[in-house]
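Working notes for the structure below.
Numbering of residues begins at 1 and proceeds along the displayed sequence.
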Amino acid sequence: MDWVTLIPLLPALAFVVLAPLSRAARAKLVPLAVAAVLGSLGLSIAAFLAVWPGGHGEVWQASVTIAHIGDRAITLGLALEPMSAIMLTVVTVVGACVQVYSLGYMHREDRIGWYYAVLSLFTAAMLALVLSDNFLGLFMAWEVMGLCSYLLIGFWHEQEAPRLASIKAFLTTKVGDLGFMLALAVVYAEAGAFDFATVLHHDWTAGTATLVALLMLFAAMGKSAQFPLHVWLPDAMAGPTPASALIHAATMVAAGVFLVVRAFPIFEASGIALTITLWVGLITALLAGLLAMVQHDIKKVLAYSTISQLGFMFIALGAGSSTAALYHLVTHAYFKSLLFLGAGVIIHAAHTQDMRQMGGLAKKLPVTSLAFASGSLALAGIVPFSGFWSKDEILAVLLHEHQYVAFAIALLAAFVTAFYVARLWFRVFTAPTQQEDLHEGHRSMLVPMVVLAVITAVIGFFGPTLGDFLGHEIPWPALGTAAISTVAALGGITLGWYVYGRRTSVVNTQALKQRFPHAYGVLANKYYFDLTYGYFVVGGYTTLARALATFDARVVDGVVNGVAAAWRSLSAAGWTFDGRIVDGAVNGAASAVRAAGDKVRTLQTGSVRSYQTLIAGAVVLLVVWILVKGA
């Protein structure tokens, strides 16, 4: 089954082919990228079918040694087993729908070839992540996804908002990635390896397991936009809408949940890490849902909804059920990508993202309206759509574990979800028409939406089958739990209709703002997280940078300039010493030699009488010296 390696390799090759080409050449080869992801989709389905009758164990594995540390080999490899087989189908189905959809949505973009190149690399990285057989390979794919999200969010980098949003997303997720890197160091120091088989079956002590689990949780909070590292995801809406569907549904944001699912035995060995995970999810699910209630940008409503639904997945993980978390991850990937693609059609038609400038789209965009309704009902948790089944499984797990406080908070978050879904629907589709020149999307945009709408409507019925496939039971929801959650969902929708669905909805909205000004102000300012980060983190960094720049200009430059001046002074003094003392000594010695030579030269007269006189005088002096010496 070495053909499994082609699943991530095909879109990766599409990137390799497209990236170095000119803009015009890339645009002509866009069908190559679409064909690559469709090929991966076909192979993923084949891989799923290969695993389906084979039980719960590993079906295929291949690895290569990339380095040695002492006598330990560091390997990278891919492995196909039930969980990776499920994720392969999810990623490739959503990825294929997004790529086909983008043919219509992005057709006027001059840089469409670059968009498809990065989209292909993004898909390849996620496929490699879910197939990886060790934490090191997972981390490498994780980092490639971070780079691609930066490039996709900042696709329109000529504009300030996308450029700043891409930087914000990159830096915020990098904060979480630091936890992943530290966790890898601890894992290797403790287990001596990175592969799942060795690490997950290691005999972890509670303390070390807690350290590793919390570091990985921190990484997952950054990638999956959990409070307080959630601030990057709403701003990421500045990128192309199809890319948002891929990033915020089946790939990047799901990677954090997938990491915790992979490392779940370590979390179980810790215990306390599960409790922290539970409360991170509860806080995120509720607070993000409340923020979605006051957003006017249709994409930001879906962005905060994504954060909230990811919170539900963390709730399931914290309650001890990785299977329930994975189940909701799968259903959410389909219905949330559907909603983002539907939002793209709406934005194309209305030429705005502000829901206050929309209305009456149910009559103007019938196909989009029906598809969007399927996703909305799934998100609200209405039976029989997929979100109902996976959300109720999470609530059932909380009741089974006697987490009654957590159950109440999760149920309130479910109520809030239904409310903001109703608010979006009534404002966009049934409110008074704001525009007349609205038109349905192109077939290349509608077909992927219809496919996802059908999947969203039926996939929830396969929960028990999914559980059997993973080796963990996913029962049908208990009647009592289903009734309670349905009442909560219908209550949220009813309240949404009462506030936004009636003819007096605008008056009621203004009345709510006037009646609860402080609460509304807190929500409108997003709990002041951005302001706080802007003041203390960004502002603190800027202040420190300016202080260092001032220190550099005044102190460091002063020292450097002082040293330079001293050197120049010494150099000048050196020239003086050299010119007056050294040169004077040398020149004086030369003058003395010349003078002595002139004097000695006078002895050479050429007269023999003079020479005889000198010799005689010398002999006399010699005799006198001898006599004196002898006496």
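Residues Y404 and H402 have side chains that bring a donor and an acceptor to within less than 3.5 angstrom of each other. Side-chain contact check for Y334 and S386: no donor-acceptor pair (N or O, by modelled atom type) lies under 3.5 Å. Looking at S84 and E81, their side chains do bring a donor and an acceptor atom within 3.5 Å of each other.
To the nearest 0.5 angstrom, S444 atom OG is 12.5 Å from Y105 atom OH. Between the OH atom of Y420 and the CD atom of Q295 there is a distance of 11.5 Å, given to the nearest 0.5 Å. Here the OG-CG distance, from S485 to L411, works out to 7.5 Å after rounding to the nearest 0.5 Å. Note: M145 CE to M126 CE = 5.0 Å, rounded to the nearest 0.5 Å. Here the CZ atom belonging to F407 is positioned 11.5 Å from the CD1 atom belonging to I315, to the nearest 0.5 angstrom. Rounded to the nearest 0.5 Å, atoms CG (L452) and SG (C97) are 4.0 Å apart.
Enclosure of atom CZ in F462 is not indicated, since only 12 or fewer non-hydrogen atoms of other residues, nucleotides or ligands lie within 6.0 angstrom. Atom CZ of F227 has more than 12 heavy atoms from other residues, nucleotides or ligands within 6.0 Å. Atom NE2 of H296 sits in a crowded spot, with more than 12 heavy atoms from other residues, nucleotides or ligands closer than 6.0 Å.
Each of L370, V454, T368 was compared with M449 under the side chain to side chain contact (heavy atoms under 4.5 Å, CB included) criterion, and only T368 meets it. When the options F388, W389, F385 are evaluated for a ring-ring contact (aromatic ring centres under 6.0 Å, His included) with F461, the one that passes is W389. Checking T331, T417, L424 one by one against L379, the side chain to side chain contact (heavy atoms under 4.5 Å, CB included) holds for a single residue, T417.
L329 is listed as a side-chain neighbour of M87, based on a closest heavy-atom distance under 4.5 Å. The shortest distance between side-chain heavy atoms of I493 and F419 does not fall below 4.5 Å. Looking at heavy atoms from C-beta onward, L80 lies in side-chain contact with L88 at the 4.5 angstrom threshold. Inter-residue side-chain proximity for Y116 and V37 is flagged as unmet; no heavy-atom pair is nearer than 4.5 Å. Side-chain contact check for L127 versus T92: some heavy-atom pair is nearer than 4.5 Å. By the 4.5 Å heavy-atom criterion applied to side chains, Y327 and L470 are not counted as neighbours. Side-chain contact between L495 and F415: present, with at least one pair of heavy atoms (C-beta onward) separated by less than 4.5 Å. No side-chain heavy atom of F155 sits under 4.5 Å from any side-chain heavy atom of V118.
Looking only at distances, no side-chain donor or acceptor of Q403 sits under 3.5 Å from a matching main-chain atom of A319. A donor-acceptor pair under 3.5 Å is formed between the side chain of T89 and the backbone N or O of I86. Here the side chain of S305 pairs no donor or acceptor atom with the backbone of V301 at under 3.5 angstrom. Y527 places a side-chain N or O within 3.5 Å of a backbone atom of L287 that can act as its donor or acceptor partner. Without hydrogens or angle criteria, S132 side chain to A128 main chain gives no donor-acceptor distance under 3.5 Å. Although no hydrogens or angles enter the test, the distance criterion places no donor-acceptor pair under 3.5 Å between the side chain of W497 and the main chain of F426. At distances below 3.5 Å, not a single donor-acceptor pair connects side-chain atoms of K336 with backbone N or O atoms of Q309.
Using bins of under 30°, 30° to 60° and over 60° for the plane-to-plane angle, the ring pair H328/H332 lands in the tilted bin. The aromatic rings of F48 and W52 lie tilted to each other, with the angle between the two planes from 30° to 60°.
Listed here is the closest heavy atom pair of A453 and L338: CA-CD2, 3.7 Å. The two residues L274 and L317 make their nearest non-hydrogen contact at CD2-O, 3.4 Å. Of all heavy-atom pairs spanning F312 and A413, the tightest one is CZ-CB, 3.8 Å. Closest heavy-atom contact between S149 and F122: N-CE1, 3.7 Å. A pairwise comparison of heavy atoms in S244 and A236 identifies OG-O, 4.2 Å as the closest pair. Closest of all the heavy-atom pairs between L365 and A349 is CD1-CB, 4.1 Å.
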| query | side chain to side chain contact (heavy atoms under 4.5 Å, CB included) between Q99 and S120: does it pass, once the steps are laid out? | reply | CA-CA 9 Å; Q99 293 230 14; S120 298; 3.7 Å; yes
| said: Please determine whether side chain to side chain contact (heavy atoms under 4.5 Å, CB included) holds for the pair K299 and I347, giving the CA-CA distance in whole Å, both sets of side-chain angles, and the decisive distance to 0.1 Å. | reply: CA-CA 9 Å; K299 288 179 66 176; I347 293 167; 3.6 Å; yes
| field | CA sep, side-chain torsions, deciding dist, call: L10, L43, side chain to side chain contact (heavy atoms under 4.5 Å, CB included) | value | CA-CA 10 Å; L10 287 177; L43 291 173; 4.0 Å; yes
| request: With side chain to side chain contact (heavy atoms under 4.5 Å, CB included) as the test, would you mind laying out the steps for I45 and L49 before giving the verdict? | output: CA-CA 6 Å; I45 294 173; L49 295 176; 4.2 Å; yes
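Here R356 pairs with D354 in a salt bridge; the nearest charged N to carboxylate O distance falls below 4.0 Å.
Geometric assessment of R423 against the ring of Y500 yields a positive cation-pi assignment under the 6.0 Å and 45° thresholds.
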